[in-house]
Structure formats: structure tokens, C-alpha cells
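Quick notes on the structure that follows.
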Amino acid sequence: MTNLLLDLPPLSAARFASIEDRVARLLGTGQDVVITQGEALLPLEGAIRATAGPGTTALNVITGPYGQTFGDWLRDCGATVVDLTVPFHTAVTAEQVRDAFAEHPEIDFVSLVHAEAATGNTNPVAAIGEVVREHGALFYLDAVASVGAEPVLPDAWGVDLCVIGAQKAMGGPAGVSAVSVSERAWARMAANPNAPRRSYLSLLDWKERWIDGGRTTLLHAPAQLEMLALEACVERIETEGLESVMARHASAAAATRAGASALGGGIAPYVHDAADAAPVATTLRAPSGTNASELVARALAADPDLPLAAGGGALAREMIRVNHYGPDATRGTVRACLTALATALKDAGLSVDLPAALTAAEQAWRQSGLAPRTP
Ligand SMILES: *Cc1c(COP(=O)(O)O)cnc(C)c1O
């Protein structure tokens, strides 16, 4: 008896390379794109360990939990780290990055998270990229939560290491990821004696044994199911059109934000300014006197399939996450989430206006479709 999940022919090098090329097209990049055989934390860690060392002074921008992790890796590599932490209800500005360079002109590496699914904010990468380029620093970007939800343009923005994963807005598998690598970044790795080599974390191994060899021989057996899922995911995005996928996310975010604001009961968008709110996921502040985790549990009791979660760690009491990404970036999911949250708030004794919330959400969805879209 054959099994679709088990009895697959081996994935060829040519097929692997063609999937890399399609991912590169999605990012509009002419840089090398390496597909990495693991969740996005693999290239995120591999890229830092390859390019940072005792001689590095890194500006580490923290707008959520991932920035914290990157700072730990950078310190572990021996880099001097300048942390720039902004409150999670806002975004970092290019001006703040400029000020950090003025204070520490020795900064030669900048790590930034584009959008944070965990905190619901998004950072102005294009403007920050200009500042980073002016100072000639290497620019490392975590675009896992932004790719598919909003433009991610490593070449136009001067990003040297741009890491993506397929499991958020792309609606794809979590077990493979990718990183685009600039010539500058390859040169930094080659000059770094501590860059991982002959290691699962090594990007240089892929450069030397895969890319430089003309992509004919893979380093090891590729994660076949995940690669095929990634190929199918990119194909689906190409069919729908990347612009349209991004527009769905922008609309879902606008609708969730407007709906939650109109719902009442004391619930409110967590990110104060709509311009700082990520299209991939919308975070909400639980009404004072309530517990976000309990509200989410109540909402999920009504409908366990909804993409609702409480914030992680210290945010679990105050933050509700509406993860309207991938196939969940739809009117239907937004409405269902607002409806479930209304039920949870009512159960907690708060007074809410669900019809007003649904009307506001619908209006915001329509208006977001009319708004001019910047590239
Ligand atoms: C989701 C996400 C990742 C990937 O990490 P997981 O926790 O394994 O999903 C990395 N960076 C950011 C900003 C993310 O939102």
C-alpha cells in the first residue's frame, strides 16, 4: 500500500534550486537565497553566528521577544551589543536608529525584526535601511512575520541578511525557512574565523558546497515534504498574486482593529498608532480587571479553531493576539474572532456592542481596499 506522505521520490537538486529561485522572486531579490532545513530560528541564529564576533558592535533593536533573543546570540558570539528597546505598543523610528549611530559610531551591525507577530507592531525598514547604509553597517532583518503580509524588499532596502519563514502570512510549512545573503554578508562570514562550518547552523557550507558548485549537489537529503509544501505555498501565492495576499492581511488588520475599537467593554488595540500595527496579526489590550488568558480560553471554548492566543510570557495577562494570517486573513475569520471575543467579554460581565463591531469591521475592510498602497 503506498502512502502519499511516505513514498515520495527523492527531491532533486534541480527541484530544490527552482524552489529557491521562486522564493527569491517573491522577495524581488538578486541576492543568493539559501533555503534552510529547519524552522526560521535556524537561519536567524546561523546568520548571527556567521557574521558577528568579538570585533562586532551591534545595534540590537528590541520591539518584541525576538529582539531579546538576537541580543543573547550576539553577546554569546562575543559582540558588543547596544540595545535599543522601544515599548511594544509602538514601533522604532529611523530617527532613533540615527541617534544610536551618533552615540555609538562604532556600530557595524544592525539587527531588526520587521513585523512582530508576538506584539503586533511593524517597523519602518525602508527608512531604517537608509540610515544603516549611510553608516555602512551590516543589516540583519527578521522578516518571518512580515513576508506575505506587507512588502519585504531586501535589495531596495539594503538588507544584507533577510530571514523569512513560510508559516505565518505565506500560509506554508514551518519546517523550512530561507535567508537572502548579500555579497557583503558572504564576505563578512568568510573573514570570520568563528563562523560555523561543517555545522547544521552553517550558511558558509551552503555557499561553498551548494551555491559555488552551481547548485548541483545538495549537502544532505532535503526535507522533502516540507520542500514540496513550500513549493505549493509559493505556487498558491503566485496564483492569488502577492499584492492580493498582502491586501487581505492589511484588510484583516484594519477590520480587526476597527471592530475591537467599536466593540466596547474596555477592549482596545494594543498598538496605539495604526501606522505601527502589523498587517500579519492584531494585538488587543484586555479590559482592565480582566485576564487576557482567561478571555481567550472563554472565546476558544466557543470556537476552538479560531486563531486567538494570549500574549506570551509577561504579556499573557494583558494581551490578546488575533493571528489573522495566511488562510485566516479573511472577513469570515475576523468576524468570528470578534464574535467570540464579544461572548467572552459578556461572560466576564462587560457590556459590548457586537453589531457595531461587525459594522465597523466591514467598513474598515472595504476602506482598506480603496486606500492607495505603497510598494
Ligand atoms: C513567528 C516568528 C518567528 C518564528 O518563530 P516561531 O516562534 O517558531 O514561530 C521568528 N520571528 C518572528 C518575528 C516571528 O513572528
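Between Glu243 and Met246 there is a side-chain heavy-atom pair separated by less than 4.5 Å. By the 4.5 Å heavy-atom criterion applied to side chains, Trp365 and Arg335 are not counted as neighbours. With contacts defined as side-chain heavy-atom distances shorter than 4.5 Å, the pair Val234/Met170 qualifies. Between Val181 and Leu161, the closest side-chain pair of non-hydrogen atoms falls below 4.5 Å. Between Val110 and Val131 the shortest side-chain heavy-atom distance does not fall below 4.5 Å. Residues Thr339 and Asp303 are not in side-chain contact: their nearest non-hydrogen atoms beyond the backbone lie 4.5 Å or more apart.
Going from atom CG of Leu26 over to atom CZ of Arg22 covers 10.0 Å, rounded to the nearest 0.5 Å. Within the model, atoms OG of Ser368 and CD of Gln363 stand 11.5 Å from one another, a figure rounded to the nearest 0.5 Å. In this structure, Leu59 CG and Glu103 CD are separated by 10.5 Å, a value rounded to the nearest 0.5 Å. To the nearest 0.5 Å, atom OG1 of residue Thr57 and atom CZ of residue Phe109 are 11.5 Å apart. If you take OG1 on Thr333 and CG on Asp328, they are separated by 4.0 Å, rounding to the nearest 0.5 Å. Distance check, rounded to the nearest 0.5 Å: OG of Ser202 to CE of Met189 gives 8.5 Å.
Every pair passing salt bridge (Lys or Arg N to Asp or Glu O under 4.0 Å) that includes a residue from residues 283-301 is listed here, sequence neighbours excluded: Arg285-Glu318. Sorted by first and then second residue, the pairs that involve residues 40-57 and meet salt bridge (Lys or Arg N to Asp or Glu O under 4.0 Å), not counting sequence neighbours, are Glu45-Arg49, Arg49-Asp76. Applying the salt bridge (Lys or Arg N to Asp or Glu O under 4.0 Å) test to residues at least two apart or on different chains, the pairs with a partner in residues 348-362 are Arg331-Glu362, Glu362-Arg366.
In this structure, the side chain to side chain donor-acceptor pair (under 3.5 Å) partners of Ser182, at least two apart in sequence or on a different chain, are Asp160.
You'll find the ring centres of Phe16 and Trp210 inside the 6.0 Å limit.
Within 6.0 Å of CG on Leu4 lie no more than 12 heavy atoms contributed by other residues, nucleotides or ligands. Other residues, nucleotides and ligands contribute over 12 non-hydrogen atoms within 6.0 Å of the CZ atom of Arg133.
The minimum heavy-atom distance linking Val113 with Tyr66 is given by the pair CG2-CB, 3.9 Å. Closest non-hydrogen pair, Ala47 versus Thr51, comes out as O-OG1, 2.7 Å. Looking at every heavy atom in both residues, Ala309 comes nearest to Asn323 through CB-ND2, 4.2 Å.
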side-chain contact (heavy atoms from CB on, under 4.5 Å) between Asp108 and Thr56: does it pass, once the steps are laid out?
CA-CA 6 Å; Asp108 61 357; Thr56 308; 3.4 Å; yes

Show the numbers, then the answer: is there a side-chain contact (heavy atoms from CB on, under 4.5 Å) between Leu84 and Val82?
CA-CA 7 Å; Leu84 169 53; Val82 176; 5.9 Å; no

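When atom types are taken as modelled, the side chain of Ser146 and the backbone of Ala143 share a donor-acceptor pair closer than 3.5 angstrom. Under a 3.5 Å cut-off, the side chain of Asn192 and the backbone N or O of Asn194 do form a donor-acceptor pair. A donor-acceptor contact shorter than 3.5 Å is absent between the side chain of Asp83 and the backbone of Thr85. Under a 3.5 Å cut-off, the side chain of Arg248 and the backbone N or O of Tyr325 do not form any donor-acceptor pair. Between the side chain of His249 and the main chain of Gly326, a donor-acceptor pair closer than 3.5 Å is present.
Val23 and Leu218 fall within a single hydrophobic cluster, where Ile, Leu, Val, Met, Phe, Trp and Tyr side chains are chained together by heavy-atom contacts under 4.5 Å.
Tested against Leu225 for a side chain to side chain contact (heavy atoms under 4.5 Å, CB included), the candidates Leu11, Leu8, Leu6 yield a single pass: Leu8.
For Arg197 and Asp205, the salt-bridge test fails: no basic side-chain N is under 4.0 Å from an acidic carboxylate O.
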Less than 3.5 Å apart, which donor and acceptor atoms pair up between the side chains of residues 30-39 and the rest of the protein, not counting sequence neighbours?
from, atom 1, to, atom 2, distance (Å)
Gln31, OE1, Ser180, OG, 3.4
Gln31, NE2, Asp155, OD1, 3.4
Gln31, NE2, Val159, O, 3.2
Asp32, OD2, Trp186, NE1, 2.8
Thr36, OG1, Ser177, O, 3.2
Thr36, OG1, Ser177, OG, 2.9
Gln37, OE1, Ala223, N, 2.4
Glu39, OE1, Leu41, N, 2.8
Glu39, OE2, Gln167, NE2, 2.8

Would you list the atom pairs, donor with acceptor, under 3.5 Å between side chains in residues 252-259 and any protein atom, with sequence neighbours excluded?
from, atom 1, to, atom 2, distance (Å)
Thr256, OG1, Ala252, O, 2.6
Arg257, NH1, Val271, O, 2.8
Arg257, NH2, Val271, O, 2.9
Arg257, NH2, His272, O, 2.8

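Asn121 and Thr119 share a side-chain donor-acceptor pair at under 3.5 Å.
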